Amino acid sequence: MISVSTPYLAGNEKQYLAECIDSGWVSSDGPFVTRFEQAMAATVQRQYGVACANGTAALDLAVRALDLQPGDEVILPAFTIISCVRALVLQGLRPVLVDSCPRTFNMQAADVAAKITTKTKAILLVHLYGLCVDLDPILALAQRYQLKVIEDAAEVLGQHYRGAPCGSFGDISVFSFYANKQVTTGEGGMVLTNDPQLAERCRSLRNLAFSPDPARRFIHEELGWNYRMTNLQAALGVAQLENLSTVVALKRQMGARYQQLLADLPGVTLPLTGTDYCQNIYWVFTLTLQDEVKLSVPELMAALAKRGIGSRPFFYPLHLQPVFAGLDWTREQQLPHAEWLYTRGLYLPSGAGITAAEQQQVATVLAELLR
Ligand SMILES: Cc1ncc(COP(=O)(O)O)c(C=O)c1O
């Protein structure tokens, strides 16, 4: 089977893990956690990093730390992972969904502007699949209407917007270190900010909001989570981050190779190689099936799986999620691109560890299936 994501684990991972085991520091109190936080902060040009259990947890921490009030509206794309909206709903906030560009897969300023009301208090930016959001016009709106900005950069570590690292924008940003990310800790996440108070709040919330006063440790003023990252995970993270530029180069090589191999494939649209504000980092290599292709995405995925090739469908639009059925913010939504993308999009094996021979194999099978 050619896996949809093969991680690249070719650096100091084993050595740093052995250091954890030899020293006995396996829990979240070990030294690699701070090292990883500082290395990530330096990489994305932020002051503070707060490592946590996963990207979903990072979103919970970031949203909660901003102290928005129940009923406040937060604008986010309908075409994204459930983690984004989940963090809002669990805080009693009202999600306001915007559509996405069918070519870049990202949210756009004009759609955001159309949804701003007096109740709007924040924008949750999400960069998807390897290209980033065109940030300047959205950040200008946020400034004009005094909106908080959370930047979900889970998929784009190593990507830059007009030369500045993704994850350096807005009040607070989040990353995921799941195995399909440019840097993996197996499971893991991080919140980054330049605001010392926000960072401190996230540190407290990830650690059950224990009291900072040692004598009052088990006396709680609020409810947090145990979202701590272990030293073992952070050790992996430090080793992985040392090779970030190699991984980014491998991802771009993988993307360029598929662009070449699949250039003449009928009936599919390949991802953009870039825009005027970023070059595709190919977090995943996407295909969208053109209307004349009779094969559905599930049929194509099943045929690929039969030939030993892993793939994944695109995100399911948030307003159609069964878990939110009947909620008023999901009703009467005009989000045609989000719906179309789900129906026609999928992605191919795209890990940094994929070989040229595997990519050739994927291309050969796709050509057989689509011709
Ligand atoms: C954009 C985005 N945000 C958040 C997450 C959640 O991260 P995790 O899987 O680490 O909880 C993901 C996961 O892939 C993601 O793609």
Side-chain angles (χ1 to χ4, degrees), residues 1-6 77-82 97-108 111 126 128-131 155 180 251 254-275 280 282-325 330-351 354-371:
M1 189 82 187
I2 304 179
S3 155
V4 78
S5 176
T6 315
F79 184 67
T80 184
I81 192 161
I82 196 79
L97 304 176
V98 292
D99 212 355
S100 293
C101 167
R103 284 303 278 131
T104 66
F105 314 129
N106 281 310
M107 65 199 295
Q108 296 172 289
D111 296 319
V126 193
L128 288 176
Y129 295 166
L131 293 169
E155 300 180 0
N180 61 4
K251 294 289 264 189
M254 171 274 294
R257 204 179 277 133
Y258 271 137
Q259 292 279 10
Q260 245 183 0
L261 288 168
L262 304 177
D264 299 324
L265 196 62
V268 299
T269 303
L270 304 182
L272 292 176
T273 56
T275 63
N280 205 332
Y282 298 106
W283 174 59
V284 290
F285 195 91
T286 59
L287 297 180
T288 48
L289 302 182
Q290 291 162 8
D291 294 341
E292 70 266 21
V293 175
K294 293 288 169 274
L295 218 55
S296 70
V297 166
E299 285 165 348
L300 180 56
M301 288 180 57
L304 286 167
K306 249 193 194 160
R307 307 287 299 271
I309 295 168
S311 62
R312 290 275 187 284
F314 273 14
F315 290 126
Y316 192 60
L318 296 179
H319 62 295
L320 303 180
Q321 293 287 355
V323 66
F324 301 130
T330 64
R331 280 198 212 121
E332 291 171 36
Q333 297 289 333
Q334 300 294 312
L335 301 158
H337 296 150
E339 292 177 20
W340 178 83
L341 284 168
Y342 168 71
T343 324
R344 302 307 277 169
L346 74 160
Y347 58 85
L348 301 176
S350 314
I354 196 167
T355 64
E358 287 172 326
Q359 287 192 262
Q360 178 64 61
Q361 168 83 6
V362 173
T364 305
V365 170
L366 269 174
E368 283 169 27
L369 295 173
L370 288 165
R371 280 222 168 85

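Position 1 is the first residue of the sequence; numbering continues from there. Every value quoted in this text rests on a predicted model; they were computed, and no experiment measured them.
The shortest heavy-atom contact between Ile309 and Met1 is C-CE, 3.6 Å. Across Ile354 and Thr6, no two heavy atoms sit closer than the pair N-CB, 4.4 Å. Closest non-hydrogen pair, Tyr347 versus Pro313, comes out as CE2-O, 4.0 Å. The heavy-atom pair separating Asp99 from His337 by the smallest distance is OD2-N, 2.9 Å. Minimum heavy-atom separation, Pro102 to Leu341: O-CD2, 3.9 Å. Of all the heavy atoms in Ser350 and Met254, the pair that sits closest is O-CE, 3.2 Å.
Checked options Thr286, Thr273, Leu131; the residue passing with Asn280 is Leu131 (criterion: side-chain contact (heavy atoms from CB on, under 4.5 Å)).
Taken to the nearest 0.5 Å, the NZ atom of Lys251 stands 12.0 Å off from the CZ atom of Phe285. A distance of 6.5 Å separates OG1 in Thr288 from CZ in Arg103, rounded to the nearest 0.5 Å. Note that OG of Ser5 is 8.0 Å distant from CH2 of Trp283, once rounded to the nearest 0.5 Å. Once rounded to the nearest 0.5 Å, the distance linking SG of Cys101 with CG of Leu128 reads 11.5 Å. With values rounded to the nearest 0.5 angstrom, Leu348 atom CG is found 12.5 Å from Glu358 atom CD. Residue Gln359 holds its CD atom at 5.0 Å from OH of Tyr258, rounded to the nearest 0.5 Å.
For Ile81, the side chain to side chain contact (heavy atoms under 4.5 Å, CB included) partners are Ser83, Cys84, Phe315, not counting sequence neighbours. With sequence neighbours excluded, the residues that form a side chain to side chain contact (heavy atoms under 4.5 Å, CB included) with His319 are Ala78, Leu97, Pro317, Thr330, Gln333, Leu335, Glu339.
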**Message:** Using the rule given for ring-ring contact (aromatic ring centres under 6.0 Å, His included), can you reason through Phe314 versus Phe105, listing the C-alpha separation, both sets of side-chain angles and the distance that settles it, and then say yes or no?
**Reply:** CA-CA 10 Å; Phe314 273 14; Phe105 314 129; 5.3 Å; yes
**Request:** Applying side chain to side chain contact (heavy atoms under 4.5 Å, CB included), run through Thr104 and Thr275 and close with a yes or a no.
**Result:** CA-CA 9 Å; Thr104 66; Thr275 63; 4.2 Å; yes
**Prompt:** Can you check side chain to side chain contact (heavy atoms under 4.5 Å, CB included) on Ile82 and Leu318, steps first, answer last?
**Reply:** CA-CA 7 Å; Ile82 196 79; Leu318 296 179; 4.3 Å; yes
Distance-only donor-acceptor pairs under 3.5 Å for side chains of residues 364-371, two or more places apart:
| residue | atom | partner | partner atom | Å |
| --- | --- | --- | --- | --- |
| Thr364 | OG1 | Gln360 | O | 2.8 |
| Thr364 | OG1 | Gln360 | NE2 | 3.4 |
| Glu368 | OE1 | Arg307 | NH1 | 2.9 |
| Glu368 | OE1 | Arg307 | NH2 | 2.9 |
| Arg371 | NH2 | Asp264 | O | 3.2 |

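The environment of CD in Gln334 is sparse: at most 12 heavy-atom neighbours from other residues, nucleotides or ligands sit within 6.0 Å. Within a 6.0 Å radius of CD in Glu299, more than 12 heavy atoms belonging to other residues, nucleotides or ligands are found. By the 6.0 Å contact criterion, CZ on Arg312 is open, its count of non-hydrogen atoms from other residues, nucleotides or ligands being 12 or less.
Remark: the backbone N or O of Val297 is not paired with any side-chain donor or acceptor of Arg344 at under 3.5 angstrom.
The shortest distance between side-chain heavy atoms of Thr269 and Leu287 does not fall below 4.5 Å.
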